[in-house]
> 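Structure in structure tokens, see below.
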Amino acid sequence: MSKLNREQRAAAEHRAGHLLILAGAGTGKTRTLVHRLASLLEEGVSANKLLAITFTNKAASELKERLEALVGSRADAVVCGTFHGTAARFLRQRASAIGWPSDFVIYDERDQRALVSGLLSPGDDVTPGALLKAMEKHRLNPEVALPSWDRSGLLAKENLPVYRSLLKAAGAVDFLGLIEGGAALAEGGFLPRFSEVLVDEFQDTDRLQHRWLEALAGFGARIVAVGDDDQSIYGWRGADVSGMLLFEKNYSGAKRVTLSKNYRSKQNILDAANRLIGKNKHRLGKELLGVKGAGDPLEVLAVADERAEGHALARQFQQWLDKGVEASELAVLARLNSQLRGLEVSLAAAGIPYSLVGGRALFETRESRDVCAFLRLWLKPQSDLDLLRIINRPTRGLGRGALEKIQQAAGARPLLPFLIAEGGNFSTRIRKGVASFVAIMEPPPANVREAIERVLYDAGYMEWVCSREPERADEREANLLSLLDSADQMAGPDGDLATFLERWSLAGGGDLERGAGLRLMTIHASKGLEFDAVFLPGWDEGLFPMPDSEGERFDQIEEERRLAYVALTRARNHCVISWARARMHHGRTLSGRASRFIGELAGDGVHGYAQHPFAGRQPAELPKPRLKAAQLPAFDELAQADYGDQQGGVFKPGDLVLHERFGRGVIQALRGSGSSAKVEIRFGDGSSRTIIASYLQPCDNEWDIA
Ligand code: ATP
Ligand code: MG
């Protein structure tokens with residue numbers, strides 16, 4: 001208890017009835033929860049009477065570890081898990097009590113989609129995904145009346161009984177079904193009698209989960225809920241923050257404790273987070289007070305495009321690493337998973353090891369490994385293992401039987417040289433397959449880009465891999481295109497295969513211990529975690545906040561803002577935000593405006609920088625918050641007035657500039673604006689050229705033009 005402050009101790013020692021610990025980010029909620037569990041065990045409460053629920057498996061195992069560190073093996077019998085995990089566990093033990101088979105299988109989203117696609121007819125005009133989403137909504141809030149124009153809602157309601165019977169017939173449960181089952185067990189009194197149930201990240205629980213907790217309380221459990229209304233970020237998945245706001249009403253006699261001191265972050269970061277979240281209207285309202293001093297300024301970096309963002313990010317991490325910060329204390333937190341791919345390539349190119357949380361690193365995906373096998377085979381034709389992996393990808397009629405024959409015929413010789421030299425004495429089918437494979441392999445490509453293009457397009461690998469699993473086609477295609485992009489960044493100037501494969505093998509933390517390297521993840525996945533330094537890419541209007549494509553969530557912008565707040569408050573000491581003047585997103589170019597959130601968090605202790613290809617960072621004004629969101633500054637306005645960098649617009653005829661290759665020159669004329677702005681320059685050697693403005697640096701020295 002000596003590790004807790006007064007408020008935290010009060011929360012850990014409270015024993016009379018239910019308890020709500022409501023406090024901002026980094027105020028020690030999770031720490032208090034762990035100490036509370038420990039003190040209950042100290043007092044002799046038996047471990048199997050305690051149930052601790054958190055949001056992710058990772059958080060649950062961390063909780064258990066921290067508890068073990070405090071009380072040792074006495075922690076073993078405490079049930080720690082997620083709602084889904086604990087529900088599954090109890091259902092396995094007591095399924096029959098509610099008429100379920102105990103050997104049920106759990107259906108994930110892909111299984112669910114396959115199941116409901118059979119329920120839709122072509123005229124329905126609703127995708128399986130939309131139908132599932134609507135069903136989920138209906139299951140969470142069955143009493144909500146559906147307007148006649150809510151096509152997917154009505155279809156969902158109509159089809160739900162059929163869907164349930166299909167699941168039942170298959171002996172299957174979906175994720176929400178686990179919670180429904182858990183709630184049914186609790187309501188029927190079929191669960192162990194817990195003396196206390198502790199729930200971390202309570203702001204993100206949904207109605208069914210609340211029902212479950214209420215049932216447990218009905219059988220005598222004390223409910224201890226821990227959360228922060230400002231960090232509710234799963235409304236899109238049915239989480240219902242009102243459960244937190246109504247806690248004292250739902251659990252009679254409940255006490256509320258608030259924690260006020262933030263022990264995590266430097267004050268500059270907290271001030272920015274406070275300013276930002278202060279813009280939300282639907283909140284209880286609290287300020288984060290730090291204890292760690294001002295710290296470095298928070299940095300907002302304007303970059304030219306997503307590629308420049310990747311370079312800036314790699315450079316920034318290198319700096320932090322050089323300063324001696326542990327790699328595992330560094331994180332990239334992105335709004336979307338898809339943003340991470342390009343950043344992976346930049347990190348790999350810079351040789352900085354990373355690990356991807358909640359997904360597979362680009363270089364470890366199945367499709368990447370296939371492409372890698374082709375490349376390795378070009379580099380080392382004797383590598384039979386690689387040949388066997390890809391000779392039938394895409395399908396060439398060379399199944400296992402055919403391969404056995406080929407291996408037999410080749411004897412001790414390596415396969416590829418054998419096939420190229422002899423073709424072999426095989427059946428027509430095999431010979432055809434071999435010929436089409438050899439046609440791809442021969443002659444070897446001149447560089448990496450050509451090699452990857454040959455695999456993806458000439459060999460038809462891209463089409464094949466996308467058509468095999470249509471639901472994941474987009475993801476696969478994006479991965480393969482990122483690989484192609486990595487060719488330029490990782491292979492060196494000659495596009496050398498060996499260099500590329502060398503960098504590849506070091507990328508993605510493949511050679512590291514699990515969990516080593518800096519972390520790449522979505523903001524959603526970072527909830528509850530903390531890092532010494534975080535990089536937050538993609539704070540562009542149109543990306544973050546994410547526009548609400550369906551226009552149905554009234555508080556969507558506030559949830560986006562809470563997400564931004566979660567992101568900022570993960571950082572202990574350093575935080576860098578970036579936005580791009582031009583960014584491709586889902587196949588179109590974004591507006592090139594800084595996120596409104598940047599304007600909202602701007603203030604003392606937040607510094608703006610414009611990134612320049614040669615000169616690194618140059619101080620710049622931050623975009624100012626506007627009164628109305630609709631009046632966001634346009635790109636050109638920012639480029640000229642706020643950021644004052646060389647992206648176009650700021651140059652005027654007569655300015656002296658420096659170009660890396662052509663040297664000094666004088667601007668003659670300007671053309672266009674934005675990131676594609678071009679300038680016409682007369683250089684010192686007398687030549688005139690038109691050059692993209694962002695490749696120029698202003699030049700202050702007085703000098704003579706020959
Ligand atoms: P989040 O809202 O992000 O989940 P939290 O409220 O759960 O945050 P914790 O993760 O428990 O906060 O604590 C944040 C940091 O502050 C941790 O590094 C923790 O060790 C530290 N901390 C918490 N309480 C104290 C204290 N009384 N003295 C010193 N450090 C503390
Ligand atoms: Mg926490």
Side-chain angles (χ1 to χ4, degrees), residues 1-13 19-39 52-67 69-70 80 82 198-205 224-234 239 241 244 256-267 269-270 273-274 276-277 283-284 286-293 295 326 328-329 331 333 519 521-534 536 562-575:
M1 286 296 166
S2 62
K3 295 255 177 70
L4 301 183
N5 68 28
R6 202 165 43 85
E7 300 159 320
Q8 292 171 333
R9 204 174 318 142
E13 288 172 347
L19 177 68
L20 172 67
I21 303 175
L22 174 69
T27 52
K29 295 184 296 297
T30 303
R31 179 193 268 225
T32 303
L33 192 143
V34 175
H35 280 80
R36 181 179 171 89
L37 272 169
S39 81
I53 298 179
T54 72
F55 206 75
T56 58
N57 288 321
K58 183 173 186 307
S61 55
E62 220 171 272
L63 207 75
K64 193 100 186 207
E65 274 164 32
R66 283 162 71 174
L67 191 60
L70 283 177
C80 270
T82 61
L198 305 97
V199 188
D200 201 358
E201 307 284 355
F202 186 68
Q203 73 278 359
D204 281 319
T205 45
V224 175
V226 179
D228 176 5
D229 60 317
D230 287 333
Q231 293 185 70
S232 158
I233 54 176
Y234 279 94
V241 72
M244 161 150 255
R256 181 201 292 199
V257 174
T258 54
L259 310 174
S260 56
K261 282 200 201 93
N262 175 297
Y263 289 92
R264 180 179 293 148
S265 313
K266 296 282 196 199
Q267 195 62 43
I269 295 171
L270 295 180
N274 280 331
L276 177 79
I277 199 68
R283 64 190 291 256
L284 295 170
K286 48 190 158 33
E287 289 262 300
L288 294 175
L289 300 172
V291 297
K292 293 175 70 184
E326 285 277 329
S328 60
E329 281 296 333
L333 311 179
R519 305 287 198 276
M521 67 186 97
T522 61
I523 303 171
H524 279 101
S526 75
K527 207 164 59 134
L529 306 181
E530 61 184 36
F531 302 93
D532 189 71
V534 300
L536 310 176
R562 290 193 290 270
L563 199 54
Y565 172 80
V566 168
L568 289 170
T569 54
R570 298 310 96 201
R572 281 194 217 107
N573 295 316
H574 310 281
C575 180

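Both counts, for ligands and for their atoms, begin at 1 and track the order of listing.
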> Quick one: does NZ or CZ of K292 land under 6.0 Å from the six-membered ring centre of Y263, within 45 degrees of the ring axis?
no
> Charged N to carboxylate O below 4.0 Å: is that the case for D229 and R562?
no
> With distance as the sole test, does Q203 use its side chain to make a donor-acceptor pair with the main-chain N or O of G227 at under 3.5 Å?
no
> Quick one: do the T54 and E201 side chains pair a donor with an acceptor below 3.5 Å?
no
> Does R572 form a salt bridge (charged side-chain N to carboxylate O under 4.0 Å, His left out) with E329? I'd like the steps, not just the answer.
CA-CA 10 Å; R572 281 194 217 107; E329 281 296 333; 2.9 Å; yes
> Any side-chain to backbone donor/acceptor pair from E13 onto A10? Under 3.5 Å, distance only.
no
> Between the protein and ligand 1, which nitrogen or oxygen pairs come in under 3.5 Å, and how far apart is each?
| unit_1 | atom_1 | unit_2 | atom_2 | d |
| --- | --- | --- | --- | --- |
| ligand 1 | 2 (O) | K29 | NZ | 2.6 |
| ligand 1 | 2 (O) | Q231 | NE2 | 2.8 |
| ligand 1 | 3 (O) | R264 | NH1 | 2.8 |
| ligand 1 | 3 (O) | R264 | NH2 | 3.2 |
| ligand 1 | 3 (O) | R570 | NH1 | 2.7 |
| ligand 1 | 3 (O) | R570 | NH2 | 2.9 |
| ligand 1 | 6 (O) | T27 | N | 3.2 |
| ligand 1 | 6 (O) | G28 | N | 3.1 |
| ligand 1 | 6 (O) | K29 | N | 2.8 |
| ligand 1 | 6 (O) | K29 | NZ | 2.8 |
| ligand 1 | 7 (O) | T30 | N | 2.9 |
| ligand 1 | 7 (O) | T30 | OG1 | 2.8 |
| ligand 1 | 8 (O) | G26 | N | 2.9 |
| ligand 1 | 8 (O) | R264 | NH2 | 3.1 |
| ligand 1 | 10 (O) | R264 | NH2 | 3.1 |
| ligand 1 | 11 (O) | T30 | N | 3.2 |
| ligand 1 | 11 (O) | R31 | N | 2.8 |
| ligand 1 | 12 (O) | G28 | N | 3.0 |
| ligand 1 | 18 (O) | E530 | OE1 | 3.3 |
| ligand 1 | 18 (O) | E530 | OE2 | 2.5 |
| ligand 1 | 20 (O) | R31 | NE | 3.3 |
| ligand 1 | 20 (O) | R31 | NH2 | 3.0 |
| ligand 1 | 22 (N) | R31 | NE | 3.4 |
| ligand 1 | 24 (N) | Q8 | NE2 | 3.0 |
| ligand 1 | 27 (N) | K3 | O | 3.3 |
| ligand 1 | 27 (N) | Q8 | OE1 | 2.9 |

> In a check of side chain to side chain donor-acceptor pair (under 3.5 Å) between K286 and each of N274, T27, D230, T258, which one passes?
D230
> Keeping S526 on the side-chain end and L529 on the backbone end, is there a donor-acceptor pair under 3.5 Å?
no
> Is the backbone N or O of T30 less than 3.5 Å from a side-chain atom of D200, with the two atoms forming a donor-acceptor pair by type?
no
> Around the Mg ion (ligand 2), how many protein N, O or S atoms are closer than 2.8 Å?
1
